[in-house]
Amino acid sequence: MDMWVGLDHILSSSRLSCPLIEPRIFFGERDNFLVFNQKRFYKRSLFSQKIRWSFTEQGLKPRPKHQNPVPKPLKGEQSAVKDQAEMIVDKNFSSGIYHKIEKLVLQGKYHEALELFEILESESMEDNVVDKSTYDALVRACIGLKSISGVKRVLNYMVNCGFEPDQYLSNRLLLMHVKCGMMVDARKLFDDMPERNLVSWNTIIGGIVDSGDYLEAFRLFFIMWDEFSDVGSRTFAMMIRASAGLELISPGRQLHSLALKLDATDDIYVSCALIDMYSKCGSIDDARCVFDEMPEKTTVGWNSIIAGYALHGYSEEAMNMYYDMQDSGVNMDHFTFSIIIRVCTRLASVEHAKQAHAGLVRHGFGLDIVANTALMDFYSKWGRVEDARNVFEKMPQKNVISWNALIAGYGNHGQGVEAVELFERMISEGFVPNHVTFLAVLSACSYSGLSDRGWEIFESMNRVYKVKPRAMHYACMVELLGREGLLDEAFALIRDAPFEPTLNMWAALLTACRVHKNFVLGRFAAEKLYGMEPEKLSNYVVLLNIYNCSGKFQEAASVIQTLKKKGLRMLPACTWIDIKKQPYVFFSGDKCHAQTDQIYEKLEKMMQEISKQGYVPDGKSFLADVDEEEEELQLCHSEKLAISFGLINTVDSTPLHLVQSHRICYDCHNAIKLMALVAKREIVVRDASRFHRFKDGTCSCGDYW
DNA sequence: TTAGGGTTAG
């Protein structure tokens, strides 16, 4: 029942140009038997009560059921006057070409096949009797090359020859359009088909789902349902994917129920689509149930469930499932490695990533563009941007995502010059930058103080590259100005933006105000943030801090009162470190670990050493003193505990990799910088908002975040 | 003849 309400809502809220079906009427007949959770289905057949409705009443043209065949051109009329012997020669010549085209396609030589087709095109149409198998081969060639011009040539040729495709070839032609992304033509072809079978419907719906027009896919699915007494398991798999695309679980559940009723859940594709749908719609437990019930767990099934866990942030679970997959003996493919490398990035697990990298190469996927991009991202996020560069340079093919990943990698390491050079190289090699590229290159300019170049690129975004600057690009520019202390200019940029300022833009201004100690403008930005998201705890904290810093103690007290009234409290911050393949999590003031005494001893020693280097605790200037009764709670302690633990348990030369649940505070940032200096260790921290690489007494963020 | 899972930014 849920589903139909859901779908009704989707369809009625969408801007469909021609609402074919009134969803409420359509589903009113069917909603009763779809109660998935209770696994209870009414006996009434889904299709027994077809709703009578008129196409014309709905403002639609009736679909021609049996169009009269297009009259064939009077073939041979002219050729009859031709010399008989010449015809035989021509035919032999042409049939040789047909055979050759089919052979080339079988060998995967699509370019050559289409080149040979040119000879047929240049010949007189009357002499050509290209048959179904040659057309089929040409279709394969066009699909293989995704050649729009090829599609047009084949179709044009067929029309000019007066060839009438049968059901099979019509479906193939439809597929050819779909696979080449020619959805408008495909739809027209489909609408004009005199006969449609299950394959025709599946092909067009599949194409629509692939193009991301999920609502339209549902709309067509309903019509299909009405026209057929059967829908295939492939249809279910596609529609489940459409539900996943819409991120709506109720239609997905109802399709699951329907698939169960029609015994389609044994189909491996349906199961995999269900796993993916449930995990993308937020129900990883349901995804796991479907996976557990799969009679045969395939590579795709494993990949789907691992990706599901990864998506939900259950990185350890994802990693465990990956090892289970290995044990099960199922083949791993490039999808598996792409997913698992991304999990390693989240876990900051160098050991696991190295193994995954080795596995990628060993299994023969060393050249895969996606897995390599994930690998580059891993290396650059964890302080090894040159390794990322090596992977990048060895990639035989690159796409905009791989360029973006490396540009962002350099930017995050404070290597703005390299990031801009890479951006320029990307353009010169003919790649088209997208909004992510600009985000990466502008933030790199900001980090590295390349303000002039940053402005040039920002200004060229729309003018040269036709990419409209979004709020995040504006936030980058606010940060760029803010770093230089140009706070009024930053404020003017926000004020004059062609859209309502967003949270990120105010947050960027607030950071600038904090660094440059402009409390008046900072208070303004903090109040804006607070006004936009009054329920968000961190906004109270920044407001509280800025009041404290600007001596507005009365206002600060009022913020604390509001916090208390709302019962909001700081969640315990946590930091995570991976030592010898084993993850360890530390909370603020954590005393649970078996080595607690050693850890605190080491921490005490480190604090003494960094004090000698000039470290003075920052007190509470920017800490959240939310509750006076909890003054002892050291909110920023977890990273220091994790570092102390890391220093005890690792060898001297290895960098320490930390992940934090929260944004690193001012005081901890100073402390870690000196801890890295004193311990002569590189410490890499990925906090809730950005990346910090501490080395030789400096941080890649330039002490600005 | 048609189908399922992956990478950057946020």
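No experiment lies behind these values; they were computed from the predicted model shown. Only this structure's heavy atoms are used, side chains among them; waters, hydrogens and symmetry mates stay out.
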**Q** What is the distance from CE of A/Met193 to P of B/dT2, rounded to the nearest Å?
**A**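 Atom-to-atom, A/Met193 to B/dT2, this comes out as 14 Å.
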**Q** So does A/Lys179 get a side-chain nitrogen or oxygen closer than 4.0 Å to the phosphate oxygens (OP1/OP2) of B/dA3?
**A**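 Indeed, a polar side-chain atom of A/Lys179 lies that close.
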**Q** What does A/Ile205 touch in the nucleic acid at a heavy-atom separation under 4.0 angstrom: a base, only the sugar-phosphate, or nothing?
**A**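 Touches nothing.
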**Q** Given B/dT8, B/dT2, B/dT7, which nucleotide is nearest the side-chain atoms of A/Ala405?
**A**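 Closest nucleotide among those given: B/dT8.
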**Q** Taking atom P of B/dG10 as reference, at what distance in whole Å does atom CD1 of A/Ile401 sit?
**A**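 That distance rounds to 14 Å.
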**Q** Would you give the length of the straight line joining atom CZ of A/Phe438 to atom SG of A/Cys445, rounded to the nearest 0.5 angstrom?
**A**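 It comes to 11.0 Å.
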**Q** Just the rounded figure in Å: distance from P of B/dA3 to CE of A/Met239.
**A**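 Nearest whole value for this atom pair: 15 Å.
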**Q** Considering only side-chain heavy atoms of A/Lys280, which listed nucleotide, B/dT8, B/dG6, B/dT2, is closest?
**A**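 Given the options B/dT8, B/dG6, B/dT2, the side chain of A/Lys280 is closest to B/dG6.
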**Q** Whole-Å distance between B/dA3 C1' and A/Arg234 CZ?
**A**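 Value for this atom pair: 6 Å.
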**Q** By nearest atom, which of the nucleotides B/dA9, B/dT1, B/dG6 is closest to the A/Asn197 side chain?
**A**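 Among the listed nucleotides, the one closest to the side chain of A/Asn197 is B/dT1.
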**Q** Anything under 30° is parallel, anything over 60° is perpendicular, the rest tilted; go ahead and classify A/His413 against A/Phe691.
**A**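 Ring orientation, 0 to 90° scale: tilted.
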**Q** By nearest atom, which of the nucleotides B/dT1, B/dA3, B/dT8 is closest to the A/Asn171 side chain?
**A**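 Of the options given, the side chain of A/Asn171 lies nearest B/dT1.
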**Q** Distance check: side-chain N/O of A/Arg342 vs OP1/OP2 of B/dT7, anything under 4.0 Å?
**A**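 For A/Arg342, the contact criterion (side-chain N or O under 4.0 Å from OP1 or OP2 of B/dT7) is met.
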**Q** For A/Asp267, answer base if it contacts any base atom (sugar-phosphate contacts may also be present), sugar-phosphate if it contacts only those atoms, and nothing otherwise; contact means non-hydrogen atoms under 4.0 Å.
**A**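 The answer is base, as A/Asp267 lies within the cut-off (heavy atoms under 4.0 Å) of a base atom.
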**Q** Return the nearest nucleotide to the side chain of A/Leu439; candidates are B/dT1, B/dT8, B/dG10.
**A**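 Nearest listed nucleotide: B/dG10.
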**Q** Give the C-alpha distance, both sets of side-chain angles, the deciding distance and a yes or no for side-chain hydrogen bond (donor to acceptor under 3.5 Å, both in side chains) between A/Glu102 and A/Ser133.
**A** CA-CA 8 Å; A/Glu102 287 168 35; A/Ser133 62; 3.0 Å; yes
**Q** Rounding to a whole Å, what distance do you find between A/Asp377:CG and B/dG10:C1'?
**A**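 Going from A/Asp377 (CG) to B/dG10 (C1'), I get 14 Å.
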**Q** Taking A/Gly252's backbone N and O only, do any of them form a donor-acceptor pair with A/His256's side chain (distance below 3.5 Å, no angle check)?
**A**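 Side chain of A/His256 to backbone of A/Gly252, a donor-acceptor pair under 3.5 Å: no, none is there.
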**Q** For A/Met238 and B/dT2, what is the distance between atoms CE and C1' respectively, to the nearest whole Å?
**A**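 It is 7 Å, rounded to the nearest whole Å.
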**Q** Between B/dA9, B/dG10, B/dG6, which nucleotide has the shortest distance from any of its atoms to the side chain of A/Ser338?
**A**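 Side chain of A/Ser338 sits closest to B/dG6.
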**Q** How would you label the contact of A/Asp333 with the nucleic acid (heavy atoms, under 4.0 Å): base, sugar-phosphate, or nothing?
**A**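 Base, at least one base heavy atom under 4.0 Å.
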**Q** Quick one: label A/Ser271 by what it contacts on the DNA or RNA (base, sugar-phosphate, nothing), any heavy atom closer than 4.0 Å.
**A**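 The answer is nothing, as A/Ser271 stays clear of every strand by at least 4.0 Å.
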**Q** Compare the minimum distances between each of B/dA9, B/dG10, B/dT7 and the side chain of A/Met472, then state the nucleotide with the smallest one.
**A**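 Selected nucleotide: B/dG10.
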**Q** Applying a 4.0 Å non-hydrogen cut-off, can you work out what A/Thr299 is touching in the nucleic acid: base, sugar-phosphate, or nothing?
**A**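 The answer is base, as A/Thr299 lies within the cut-off (heavy atoms under 4.0 Å) of a base atom.
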**Q** Determine whether a donor-acceptor pair (one donor, one acceptor, N or O, separation below 3.5 Å) exists between the side chain of A/Thr373 and the base of B/dT7.
**A**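 Indeed, a donor on one side and an acceptor on the other fall under 3.5 Å apart.
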**Q** The side chain of A/Ala374 is closest to which nucleotide in this list: B/dG10, B/dT2, B/dT7?
**A**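 Nearest to the side chain of A/Ala374 among the choices is B/dT7.
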**Q** Going through the checks in order, is the side-chain hydrogen bond (donor to acceptor under 3.5 Å, both in side chains) test met by A/Ser304 and A/Asp276?
**A** CA-CA 6 Å; A/Ser304 305; A/Asp276 186 53; 5.6 Å; no
**Q** Considering only side-chain heavy atoms of A/Tyr269, which listed nucleotide, B/dG6, B/dG10, B/dA3, is closest?
**A**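 So the nucleotide nearest the side chain must be B/dA3.
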**Q** Strictly below 4.0 Å: does A/Lys381 bring a side-chain N or O up to OP1 or OP2 of B/dT7?
**A**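 Looking at the OP1 and OP2 atoms of B/dT7, neither is under 4.0 Å from any side-chain N or O of A/Lys381.
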**Q** How about A/His357 and A/Tyr379: does a side-chain donor come under 3.5 Å of a side-chain acceptor?
**A**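 There is such a pair (donor and acceptor under 3.5 Å, judged by atom type) between the side chains of A/His357 and A/Tyr379.
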**Q** How many whole angstroms separate atom CD of A/Gln397 from atom P of B/dT8?
**A**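 Nearest whole value for this atom pair: 19 Å.
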**Q** Write down the distance between CG (A/Leu311) and C1' (B/dT7), rounded to a whole number of angstrom.
**A**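 The answer, rounded to whole Å, is 14 Å.
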